[in-house]
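Each chain gets a letter, A, B and so on, in the order the sequences are listed, and its residues count up from 1. The structure displayed is predicted, hence computed values, not measured ones.
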Amino acid sequence: MFREFRASVADALEDALATLDLPVDDLGIERPPEDVPAVVASSVAYRLAEAAGAPPPKIAADIAAAIDPAEYAHLGSVETQGPYVNFLPEETYFEKTLEAAQDDEYGHLPATGDSVVVEHTSANPTGPVHVGRARNPIVGDSLARVLEYAGNDVEVHYYVNDAGRQLALFTWAYETFSEDDLPEPERDSLEYEMVRYYRKGNSYLEDADAADSEAAEAEIQAILQGLENGDEDTYERVSEVVDTVLGGMRDTLQRLPAAFDQFIKETRFMRDGSTDALVDRLQALDAAVYEADAWQLDLPDFEKNLVFLRSDGTSLYTTRDLAHHEWKFEHYDRAVTVLGEDHKLQADQLSATLDLLDHDTDCLDQVFYSWVNLPEGGMSTREGTGIDLDDLLDEAIDRAREEVEDRLDDRLRDDDLTEDDLDRIAHQVGIGAVRFDIVAKQPTKGITFEWDRALDFEAQSAPYVQYVHARCCGILDEASEAGHAVPDSIDAGLLSAPEERDLLREIARFPAVIEQAADELRPHVVATYTRAFAEAFNAFYRECPVLTADEERREARLALVAASRTTIANALDALGVAAPDSM
RNA sequence: GGGCGCGUAGCUCAGUGGACAGAGUACUUGGUUCCGGACCAAGAGGUCAGGGGUUCAAAUCCCUUCGCGCCCGCCA
């Protein structure tokens, strides 16, 4: 309802300004501070002071007087407070909010008709997913969910770098070294077993003498050339390594949960000829230069040229990624990519080149996040330094289970949790806490990983919000057992306590929060919202007993609890955090 | 050296032109005959990194200095 109300206010303001013969520019619509009862406000009077030759409070009063609330949907009254024009809704605003929010689909916006491809993670398939990368799947998966809530037709892709030197080296190492020479895998899972070959290959190359090193390099080069020439046998050999490792990584990512609709291999764009065709078109560009035996683009605004064809005639990662993006443009209306900040330059050059190729790069968005580091430095799959995501999630679940068990005796609610419940709650809370902690922060801010901080279940974390959902479920269960049905519609006048009004206002905002998160590609605004929502719900819970209230009030409050439950359930769903029925 | 990002309470973070800058945590204090205490209430805590500018209005925009991170490869 908030979005509809805001639109009404915009209409009313525009009409009023036209009536008063004032210029319509920025309407200055904003959300007022907490202690102001209005749902939205406008500071437009400030901006008009000069044009109107009057002080802002006078203009605000004129605007308020020029608006007849009855003419606009949901608008109850218009008030001024100094220079601000405040807009208050009529009762139907709250009644419609309550009705809309009881729908299981609450928060989903009308279909945009756009197909959007969200590419995220896309880590080289060289070994276990570590925490340094964990921000990518969490931000990416949440972003995909938010875009879907916002009415888009979303597809999630993992772009597999299977054509680079690292995978050629990995394939060589896998075929060269014997398992007898390798340490025990750190975990009984394919990618942990496989990464041992990769690490062995890297350390061998570091220590090998010139002759051995040269021989190994020749084999690695042969694999790279085979891929470039479209040699089927080479492709199969590399694929075996890539698919095996990727399968293990996929299982780990699934735990977050982060799922993918498609894994797009970069060799695909070599094998189907699109990279070669692209190279031809790049060579024909005015910006193309042939220097030092290599084809490059002299991009304006960039210091360094972008090499797109090596002197040996092979393509580079960015060349293939260009072909990949042209493919995306062909099949989707919009493309969003979640990338580490270390890829910023490459991504900017990619965009600039797509521009030169006459693509509309407005439909390409890149979301950057900064790396997660350990107090002692970075994490590396090759060197085997860092915390594996599997270990972090296991530890989170273990600690969550301890919490649940510690609290069992203190529970007021008498609902006998089973062993399965404990297991479920430990998973929901443990993984939810890790995920929420990461998605709630702006991705551009740096994070240093510390166990105790990542696994802090205190307030403002996932469990705090999840608890609100469990509480709602608890109340609704009790009501149902006592035979109290949740009414479809109620008289909003029955919900007149300030805590009830605040909660209704928060519920009404949810679709607008989804809209903002999708527009700005910032899922963390949803996390911020869930905390504000939880606070409003807890205040309501404290002041307004539901089941023990008289019948009319009980019904109204039950409807409010039901609406709260779907709102918080869907907000958590948009973040990819589980909403426990009990905890 | 150049480019990009970040700097807000002791700590972790919201807030990116508009109403006195907000939460959590830590610290002090209080709350369960009553629907779930993983909760709530009160207190204290700020040169919004420093300086300059634009504006009726700046944590927010511009310039500059400092600190931290990332990038500047015929790697990905």
Side-chain angles (χ1 to χ4, degrees), chain A residues 26 28 30 32-36 41-47 49-50 55-56 81-84 86 122-124 126 161 163-167 266 291-296 301-305 307-312 314-318 320-321 340-346 348 368 370-371 373 400 403-404 406-407 410-415 429 437 440-442 444-447 450 453 456-464 466-468 470-479 482 524-525 527-528 531-532 534-535 538-539 541-549 554 557 561 582-583:
Chain A
D26 186 341
E30 58 193 67
E34 266 178 57
D35 51 344
V36 176
S42 168
S43 59
V44 72
Y46 283 115
R47 256 157 279 190
E50 205 169 337
Q81 196 170 329
Y84 292 94
N86 293 331
S122 301
N124 288 344
T126 49
N161 308 146
R165 178 186 152 79
Q166 291 189 69
L167 266 298
E266 65 172 331
E291 279 175 18
D293 296 333
W295 279 93
Q296 328 186 358
D301 309 325
F302 291 93
E303 236 178 87
K304 299 247 174 179
N305 284 356
V307 176
F308 63 89
L309 200 63
R310 292 192 182 98
S311 48
D312 65 4
T314 59
S315 61
L316 289 92
Y317 172 81
T318 306
R320 302 185 290 265
D321 202 22
E341 62 179 351
D342 50 333
H343 283 61
K344 184 95 170 68
L345 178 65
Q346 185 264 330
D348 286 345
F368 296 95
S370 97
W371 213 245
N373 283 314
E403 285 283 330
V404 185
D406 283 354
R407 290 165 197 270
D410 298 337
R411 282 172 68 86
L412 291 184
R413 193 173 165 76
D414 176 28
D415 59 355
V429 169
D437 185 58
K441 287 170 187 156
Q442 300 205 42
T444 46
K445 303 220 177 189
I447 294 183
E450 290 163 65
R453 211 185 290 298
D456 182 2
F457 298 154
E458 291 302 312
Q460 222 184 21
S461 67
Y464 172 72
Q466 289 174 316
Y467 188 65
V468 166
R471 255 184 175 170
C472 288
C473 290
I475 295 171
L476 292 169
D477 274 356
E478 298 258 332
H524 86 273
V525 306
T528 304
R531 289 195 286 239
E535 213 165 300
N538 285 326
Y541 176 84
R542 182 182 74 251
E543 296 298 330
C544 307
V546 179
L547 298 175
T548 55
R554 183 185 63 220
R557 286 175 178 171
V561 172
S582 65
M583 58 189 278

Touch class at under 4.0 angstrom, heavy-atom based, for A:H524 against every strand present: sugar-phosphate

Centroid separation A:F308 to A:Y317 less than 6.0 Å: no

4.5 Å side-chain heavy-atom contact, A:Y84 and A:V36: no

Sugar-phosphate only, base, or nothing, as touched by A:D35 at under 4.0 Å among non-hydrogen atoms: base

Pair A:E30-A:S42, side-chain donor/acceptor within less than 3.5 Å: no

Side-chain (A:S315) to main-chain (A:R320) donor-acceptor, under 3.5 angstrom: no

d(OH, A:Y541; C1', B:U32) in whole Å: 10 Å

Nearest-neighbour nucleotide for the A:Y317 side chain, B:A19, B:C39, B:A76 considered: B:A76

Sugar-phosphate, base or nothing in reach of A:A49, heavy atoms under 4.0 Å: nothing

From A:I447 atom CD1 to A:K441 atom NZ, the distance as rounded to the nearest 0.5 Å: 5.0 Å

Out of B:C71, B:A76, B:C74, whichever nucleotide has its closest atom nearest the side chain of A:N124: B:A76

Watson-Crick or G-U counterpart of B:C4, or none if no pair lies under 3.5 Å: B:G69

Sugar-phosphate, base or nothing in reach of A:R320, heavy atoms under 4.0 Å: sugar-phosphate

Straight-line distance of A:R310 CZ to A:L316 CG, nearest 0.5 Å: 4.0 Å

Pair A:T126, A:N124: side-chain N/O donor-acceptor within cut-off below 3.5 Å: no

Between B:U55 (P) and A:E50 (CD): distance, integer Å: 11 Å

Sugar-phosphate only, base, or nothing, as touched by A:E543 at under 4.0 Å among non-hydrogen atoms: nothing

Closest nucleotide among B:A38, B:C74, B:A19 to the A:E403 side chain: B:A38

Sugar-phosphate only, base, or nothing, as touched by A:P32 at under 4.0 Å among non-hydrogen atoms: base

Among B:G36, B:A14, B:A38, the nucleotide that comes nearest once only the side chain of A:A470 is considered: B:G36

Sugar-phosphate, base or nothing in reach of A:F302, heavy atoms under 4.0 Å: nothing

Side chain of A:V546 - closest among B:G37, B:C35, B:U8: B:C35

Sugar-phosphate only, base, or nothing, as touched by A:Y46 at under 4.0 Å among non-hydrogen atoms: base

Selection from B:G36, B:A14, B:C4 that lies nearest to any side-chain heavy atom of A:K344: B:C4

Euclidean distance, atom CD of residue A:E535 to atom P of B:C40 [Å, nearest integer]: 7 Å

Atom pair distance, as rounded to whole Å: CZ in A:R47 and P in B:A19: 12 Å

Touch class at under 4.0 angstrom, heavy-atom based, for A:G164 against every strand present: sugar-phosphate

Spacing between A:Q442 atom CD and B:C70 atom P, to the nearest angstrom: 20 Å

Sugar-phosphate only, base, or nothing, as touched by A:V429 at under 4.0 Å among non-hydrogen atoms: base

Touch class at under 4.0 angstrom, heavy-atom based, for A:S311 against every strand present: base

Sugar-phosphate, base or nothing in reach of A:N86, heavy atoms under 4.0 Å: base

Sugar-phosphate only, base, or nothing, as touched by A:A41 at under 4.0 Å among non-hydrogen atoms: base

Rounded distance in Å between the P positions of B:A9 and B:U33: 39 Å

Touch class at under 4.0 angstrom, heavy-atom based, for A:C544 against every strand present: base

Whole-Å P distance, B:C35 and B:G30: 24 Å

Side chain of A:L316 (C-beta onward), nearest among B:C75, B:C35, B:G18: B:C75

Whole-Å distance separating the CH2 atom of A:W371 from the C1' atom of B:G69: 13 Å

Spacing of A:K445 atom NZ relative to B:C11 atom C1', expressed in whole Å: 14 Å

Nearest-neighbour nucleotide for the A:K441 side chain, B:U12, B:C40, B:C72 considered: B:U12

Rounded P spacing from B:A38 to B:U16 in Å: 33 Å

Rounded distance (Å) that lies between atom C1' of B:C6 and atom CD of A:E341: 9 Å

Pairing residues for A:R531 by the salt bridge (charged side-chain N to carboxylate O under 4.0 Å, His left out) criterion, not counting sequence neighbours: none

